[in-house]
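To start, the structure under review is shown below, and the notes come after it.
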Protein chains: 2
Amino acid sequence: MRISSKGEYGLRALLDLAQRVGEGPIQSHDIHLRQGIDENYLNQILILLRRAGLIESIRGPQGGHRLARPPSQITVLDALRALEGPLLTFDSGRDAPTPTDPMDRDLVREVWDGAREMLERYLASITLEDLCQRKAQRSGAMMYYI
Amino acid sequence: MRISSKGEYGLRALLDLAQRVGEGPIQSHDIHLRQGIDENYLNQILILLRRAGLIESIRGPQGGHRLARPPSQITVLDALRALEGPLLTFDSGRDAPTPTDPMDRDLVREVWDGAREMLERYLASITLEDLCQRKAQRSGAMMYYI
DNA sequence: GCATAGTCGAGTGATCCGGTTAAGTATCTT
DNA sequence: AAGATACTTAACCGGATCACTCGACTATGC
C-alpha cells in the first residue's frame with residue numbers, strides 16, 4: 001500500500017503556489033525549476049488540480065497558475081483526493097464469490113472504513129497555510145545562524 | 001490508494017482460524033469453502049502468513065493450518081504487514097531530482113509519516129480476538145429473532 | 001508405497017504508474 | 001495580423017503490480 005509520487009508532486013506544487021500567493025500567476029516552468037519535477041509530468045498534475053477546482057490557470061504569455069482559494073481553505077485531503085482518487089478503497093467491484101459466511105467480510109471492511117475515516121480526518125486537518133507556517137518557522141530559526 | 005484484496009482475504013483467513021482455535025488444524029480447502037476465496041490464491045496467502053510467523057502449517061493427511069499465537073496476540077497490523085508489506089510508503093527509491101528547494105519535500109513527507117503512524121496505531125489496536133468478539137455479539141443478538 | 005494434503009515457483013492477462021511525445025488551443029506582445 | 005508563449009489534451013510506452021492459474025514437488029499417515 002503505497003502513496004504514488006503524483007500525490008507528493010502535486011502537493012509540492014500546491015505548496016509552491018501557496019508560498020507565492022499574490023505574486024500573480026506562477027508558471028509551471030518555474031515550479032519545475034524549484035521543485036525538480038519533470039515539466040511534462042507536472043503539467044499533467046496541474047491539470048488534475050485545476051479540474052478539482054484547487055487552482056486556476058491563465059493561458060498565454062505571462063500566464064501561469066494560482067490557487068483558487070486561500071491556502072487556509074485548501075487541505076491536504078483536498079489535494080490527495082484530486083490526485084489519487086479515493087483513499088484506502090478496497091476493490092468492491094470484484095465478483096464477490098458469495099462466501100458461506102459473509103459476516104467475516106463485513107467485519108474486515110468495517111476495520112478499513114474506520115481506518116479510512118481516521119486518515120481522512122487527519123489529512124483534512126492540515127491546510128496549505130499550516131504547512132507554509134511550519135516552513136517559515138524553520139527557515140526563521142535558521143536565520144540566527146547566518 | 002487502495003487496499004489489495006490480498007489483505008482482505010488474508011485477514012478473513014486469519015479470522016476463520018481464530019474462530020476455530022483448539023479444533024486442530026484447519027485445512028485450506030475448508031477455509032476456501034467457508035470464505036469463498038479461490039483455493040489456489042488462498043494457498044499463496046497462507047504461505048505469506050506462515051512466513052510471517054502468524055500461522056503454523058501441518059502437512060500430510062489431516063494436516064492444515066492453525067494460529068501460531070492466541071487471537072489476542074495477533075493484530076490487524078501484523079496481518080497487513082505480512083500480506084501487503086509496509087503501509088503507506090512513498091517511493092523513496094526514485095532518482096530524486098534534487099530540487100532547488102528540498103524543504104517542501106520534507107514537509108510533505110512529514111505529513112505522510114504522521115498519517116502512517118496514526119494508521120499503524122489504529123490497526124495495531126485491533127486484535128483477532130476483538131473481531132471475534134464483535135462477531136459473536138452480533139450473532140448472539142440475532143438469536144432473538146429465531 | 002501410495003494416496004493425501006500442503007508447499008512452492010513460474011507464468012499470465014489486465015491494470016496502473018511514471019513519464020514522454022506530439023499535436024492543439026488560448027492569449028499576450030509587437 | 002503574426003508569432004511567441006504557455007497551458008491543454010490525448011495517445012503512447014516500458015515496467016511493475018495484481019489477482020489468479022498451473023504444474024510440479026514434498027512431507028505425512030495409513
Side-chain angles (χ1 to χ4, degrees), chain A residues 1-13 17 24-33 35-66 68 80 83-86 89-97, chain B residues 1-13 17 24-33 35-52 55-66 68 80 83-86 89-97:
Chain A
M1 187 164 32
R2 51 193 270 281
I3 298 182
S4 76
S5 68
K6 204 185 289 183
E8 181 191 332
Y9 292 168
L11 196 46
R12 273 164 62 195
L17 295 179
I26 307 293
Q27 298 178 9
S28 63
H29 182 68
D30 292 337
I31 301 178
H32 149 69
L33 289 179
Q35 301 291 337
I37 302 168
D38 177 87
E39 195 166 347
N40 295 102
Y41 194 34
L42 175 61
N43 278 332
Q44 288 206 9
I45 290 169
L46 289 173
I47 291 174
L48 292 178
L49 294 175
R50 196 187 61 78
R51 285 197 191 140
L54 300 182
I55 65 173
E56 291 167 349
S57 305
I58 297 95
R59 298 184 162 201
Q62 274 48 266
H65 308 268
R66 77 161 85 94
L80 283 186
L83 296 162
E84 314 226 24
T89 54
F90 28 16
D91 307 336
S92 50
R94 190 108 56 246
D95 43 350
Chain B
M1 188 165 33
R2 50 193 269 283
I3 299 181
S4 74
S5 69
K6 205 186 286 183
E8 180 190 332
Y9 292 168
L11 195 46
R12 273 164 61 194
L17 295 180
I26 307 293
Q27 298 180 7
S28 61
H29 182 69
D30 291 338
I31 302 177
H32 148 71
L33 288 180
Q35 301 292 336
I37 302 168
D38 176 87
E39 193 164 351
N40 295 102
Y41 194 34
L42 175 62
N43 278 333
Q44 288 207 7
I45 289 170
L46 290 172
I47 291 174
L48 292 178
L49 294 175
R50 198 185 59 80
R51 284 195 191 142
I55 64 173
E56 292 167 349
S57 305
I58 298 95
R59 298 186 161 202
Q62 273 49 265
H65 309 270
R66 76 162 85 95
L80 283 186
L83 295 161
E84 312 225 24
T89 54
F90 26 11
D91 306 336
S92 49
R94 190 104 58 244
D95 42 352

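Scope of the values below: all heavy atoms of this structure, side chains included, with no hydrogens, waters or symmetry mates. All values reported here derive from a predicted model rather than from experimental measurement. Lettering follows sequence order; numbering is per chain, from 1.
As rounded to whole Å, 14 Å separates atom P of dT21(D) from atom NZ of Lys6(B). Residue Leu83(A) contributes atom CG, which lies 12 Å from atom P of dC17(C) at whole-angstrom precision. Remark: C1' of dG6(C) and CD1 of Ile31(B) are 12 Å apart, rounded to the nearest angstrom. Whole-Å rounding puts the Leu42(B) CG to dC8(C) C1' distance at 15 Å. Distance CD1 (Ile47(B)) to C1' (dC8(C)): 6 Å, rounded to an integer number of Å. We find that CD1 of Ile45(B) is positioned 9 Å from P of dC20(D), with the value rounded to whole Å. Taking atom CG of residue Leu46(B) and atom P of nucleotide dC8(C), one finds them 11 Å apart after rounding to whole Å. Whole-Å rounding puts the Leu48(B) CG to dC8(C) C1' distance at 12 Å.
Across dG19(C), dT9(D), dG6(C), the shortest atom-to-atom separation from the side chain of Ser28(B) is found for dG6(C). Of the candidates dT7(C), dC18(D), dT8(D), dT8(D) carries the atom nearest the Asn43(A) side chain, counting heavy atoms from C-beta on. Proximity note for Arg51(B) (side chain, C-beta onward) versus dG9(C), dA19(D), dT9(D): the nearest is dG9(C). For Tyr41(A), taking side-chain heavy atoms from C-beta onward, the closest of the listed nucleotides dC7(D), dT8(D), dT20(C) is dT20(C).
Without hydrogens or angle criteria, Arg12(A) side chain to Gln35(A) main chain gives a donor-acceptor distance under 3.5 Å.
Contact check of residues 55-65 of chain A against DNA chain C (heavy atom, cut-off under 4.0 Å) returns Arg59(A), Gly60(A), Pro61(A).
For the pair Asn40(B) and Glu39(A), nearest-nucleotide mapping onto DNA chain C gives the more 5' position to Asn40(B).
Nearest heavy-atom pair, Ile45(B) versus Lys6(B), reported as atom, atom and distance to 0.1 Å: CG1-CG, 3.8 Å. The minimum heavy-atom distance between Ile55(A) and Leu46(A), with the atom names listed, is CD1-O, 3.4 Å.
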Got a list of protein N/O to nucleotides 11-14 of chain D N/O distances below 3.5 Å?
{"residue": "dA11(D)", "atom": "N6", "partner": "Gln44(A)", "partner atom": "NE2", "Å": "3.3"}

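Here Ser4(A) does not reach the OP1 or OP2 of dC17(C): none of its side-chain N or O atoms lies under 4.0 Å away.
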